[in-house]
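In each ligand, atom 1 is the first atom listed, and ligand 1 is the first ligand listed.
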Amino acid sequence: MENCLFCKIAAKQIPSSIVHEDDDLLVFKDINPAAPVHLLIIPKVHVSTLSDCTPEHAPLLGKMMSLVPKLAADHNIAVTYDEQGQPSRGFKFLINCGPDGGQEVYHLHMHLYGGPRPWRGMRT
Ligand code: 5GP
Ligand code: ZN
């Protein structure tokens with residue numbers, strides 16, 4: 001896809017801080033992080049929005065989401081439990097879709113936010 005920022009990042013034509021790469025996905029640090037940990041998970045293939053996905057995309061979407069626990073563990077934001085079973089840490093996982101959803105880059109991406117609060121621009 002010409003002139004797609006995240007296609008260019010996936011093709012390494014534009015540099016990024018890559019934290020994970022496999023045959024289908026690239027994960028890199030958001031250039032303007034809204035939280036101490038802010039990662040973007042993208043498919044290497046161009047898909048504009050979640051609205052453009054069909055059931056055929058289920059394996060790709062599943063692969064993106066099922067990578068989150070490993071990314072969270074690697075970045076020290078996985079949920080942990082104390083002896084009383086109280087949870088701590090954790091993260092937010094978000095997809096913006098279309099103008100009303102606040103999407104700015106039209107190449108499907110999943111945001112992973114974590115780390116000590118407060119986070120910029122987020123109340124919950
Ligand atoms: P959206 O609003 O589309 O869901 O999120 C787009 C995200 O991409 C934003 O959080 C923004 O900071 C990030 N971003 C935009 N341009 C670049 C870039 O060139 N490199 C990186 N690493 N992140 C970018
Ligand atoms: Zn693209």
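Below 30°, between 30° and 60°, or above 60°: for His109 and His111 the angle between ring planes is above 60°, a perpendicular geometry.
Leu112 places none of its side-chain heavy atoms less than 4.5 Å from the side chain of Val27.
Any protein N/O/S atom under 2.8 Å from the Zn ion (ligand 2) was counted, giving 4 altogether.
A donor-acceptor pair is defined here as one N or O able to donate and one able to accept, closer than 3.5 Å; no such pair exists between the side chain of His38 and the backbone of Ala35. Looking only at distances, no side-chain donor or acceptor of Gln84 sits under 3.5 Å from a matching main-chain atom of Gln86.
In Met122, the CE atom is crowded: over 12 heavy atoms of neighbouring residues, nucleotides or ligands sit closer than 6.0 Å. Within a 6.0 Å sphere centred on CD of Gln13, heavy atoms belonging to other residues, nucleotides or ligands number more than 12.
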What does the contact table look like for ligand 1 (nitrogen or oxygen on each side, cut-off under 3.5 Å)?
| residue | atom | partner | partner atom | Å |
| --- | --- | --- | --- | --- |
| ligand 1 | 2 (O) | Gly102 | O | 3.1 |
| ligand 1 | 2 (O) | Glu104 | N | 3.3 |
| ligand 1 | 3 (O) | Glu104 | N | 2.6 |
| ligand 1 | 3 (O) | Val105 | N | 2.9 |
| ligand 1 | 3 (O) | His109 | NE2 | 3.0 |
| ligand 1 | 4 (O) | Asn96 | ND2 | 2.8 |
| ligand 1 | 4 (O) | His109 | NE2 | 2.7 |
| ligand 1 | 4 (O) | His111 | NE2 | 2.8 |
| ligand 1 | 5 (O) | His109 | NE2 | 3.1 |
| ligand 1 | 5 (O) | His111 | NE2 | 3.3 |
| ligand 1 | 10 (O) | Asp30 | OD1 | 3.3 |
| ligand 1 | 10 (O) | Asp30 | OD2 | 2.5 |
| ligand 1 | 12 (O) | Asp30 | OD1 | 2.5 |
| ligand 1 | 12 (O) | Asp30 | OD2 | 3.4 |
| ligand 1 | 22 (N) | Lys29 | O | 2.9 |
| ligand 1 | 22 (N) | Ile31 | N | 3.4 |
| ligand 1 | 23 (N) | Ile31 | N | 3.2 |

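A salt bridge (Lys or Arg N to Asp or Glu O under 4.0 Å) check over residues 61-90, counting only residues at least two apart or in different chains, returns the pairs Asp22-Lys63, Asp24-Lys63, Lys70-Asp74.
Listed by chain and number, the residues in a side-chain hydrogen bond (donor to acceptor under 3.5 Å, both in side chains) with His46 are Ser48, His107 (sequence neighbours excluded).
Looking at Lys8 and Glu2, no side-chain N of the basic residue comes within less than 4.0 Å of a carboxylate O on the acidic one, giving no salt bridge.
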